[in-house]
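Notes follow once the structure below has been shown.
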Amino acid sequence: MATRMVQLAQPKPNLLRFPDRSSPQWETAVASPRVCQLACPKWRQGLYSPKTSLAPPHPAATSSRLQLLAIPKSDHPQYAQDRPVSWPVPGPVRKAVASERVQVLSQPNQRKALFQGYNPYTVTLAARSASASPRLQELCLPMPRKCKGK
């Protein structure tokens, strides 16, 4: 069993998917000096040099306008803060009785089933007394050129 596991652990040979990489066309490529130069990061004159840290050379100073804009707005004087999770309920609210109209409005609507009492097979009186026009009767007949005598 162990030999079978060793055999399965071996990599499969490259049959048709990959070409033979030992051929001379697969030699390692050597980068030209220009490609090496382009691969290096570009350092701009006057900003940060590679010898210094990435911190700016001078600390940034904020203007008075920015400091004024950074001050958070205060709440409106009449703004009511959030209530605590539990608060006392006033006595008149506990003794209040809902009116008849409020009780009617608090009841859910009685919903009827869709098409309740609808019979799709009933024929209306207007449909019973209807008659086709002569043109409609003419259109109902098959076309003479399509009728073949048997």
Side-chain angles (χ1 to χ4, degrees), residues 1-124 126-127 132-133 135-136 138-143 145-148:
M1 184 70 173
T3 57
R4 176 73 177 142
M5 295 295 276
V6 171
Q7 179 187 1
L8 290 174
Q10 296 300 320
K12 294 184 179 179
N14 298 332
L15 298 175
L16 298 175
R17 283 180 62 188
F18 301 106
D20 183 22
R21 298 206 179 219
S22 62
S23 64
Q25 74 181 30
W26 291 101
E27 291 178 2
T28 353
V30 178
S32 66
R34 175 68 178 147
V35 171
C36 293
Q37 178 190 0
L38 291 174
C40 295
K42 188 187 244 184
W43 298 101
R44 295 186 183 180
Q45 294 292 345
L47 285 179
Y48 316 125
S49 66
K51 297 177 182 117
T52 62
S53 66
L54 295 178
H58 301 292
T62 58
S63 65
S64 60
R65 172 76 177 146
L66 278 179
Q67 288 180 350
L68 179 67
L69 290 173
I71 297 172
K73 290 183 178 180
S74 60
D75 291 334
H76 192 271
Q78 295 179 351
Y79 174 72
Q81 298 291 335
D82 293 337
R83 284 184 172 184
V85 176
S86 61
W87 66 89
V89 179
V93 173
R94 281 185 265 151
K95 295 175 184 171
V97 177
S99 66
E100 186 179 335
R101 176 67 179 151
V102 171
Q103 289 178 358
V104 168
L105 291 175
S106 67
Q107 298 298 321
N109 288 340
Q110 295 296 326
R111 298 188 182 270
K112 296 178 182 175
L114 192 62
F115 302 121
Q116 184 177 12
Y118 174 71
N119 185 2
Y121 302 107
T122 56
V123 180
T124 61
S133 66
R135 174 67 179 149
L136 192 57
E138 179 187 340
L139 291 173
C140 289
L141 296 174
M143 298 175 80
R145 64 184 170 93
K146 293 200 174 186
C147 294
K148 295 183 179 179

> What distance separates Arg135 CZ from Glu138 CD, expressed to the nearest 0.5 Å?
Replying inline: 4.5 Å
> How many angstroms lie between NZ in Lys42 and CD in Gln37, if you round to the nearest 0.5 Å?
Replying inline: 10.0 Å
> If you look only at pairs with a residue in residues 60-76, which of them pass as a side-chain hydrogen bond (donor to acceptor under 3.5 Å, both in side chains), with sequence neighbours excluded?
Replying inline: Thr62-Gln67, Asp75-Gln81
>> side chain to side chain contact (heavy atoms under 4.5 Å, CB included) for Val6 and Thr3? Distances and angles first, verdict last.
In response: CA-CA 5 Å; Val6 171; Thr3 57; 5.6 Å; no
Which side-chain N or O atoms in residues 87-108 pair as donor and acceptor under 3.5 Å with protein atoms at least two apart or in another chain?
residue : atom : partner : partner atom : Å
Arg94   : NE   : Val89   : O            : 3.2
Arg94   : NH2  : Val89   : O            : 3.0
Ser99   : OG   : Val102  : N            : 3.3
Ser106  : OG   : Val102  : O            : 3.4
Ser106  : OG   : Gln103  : O            : 2.7

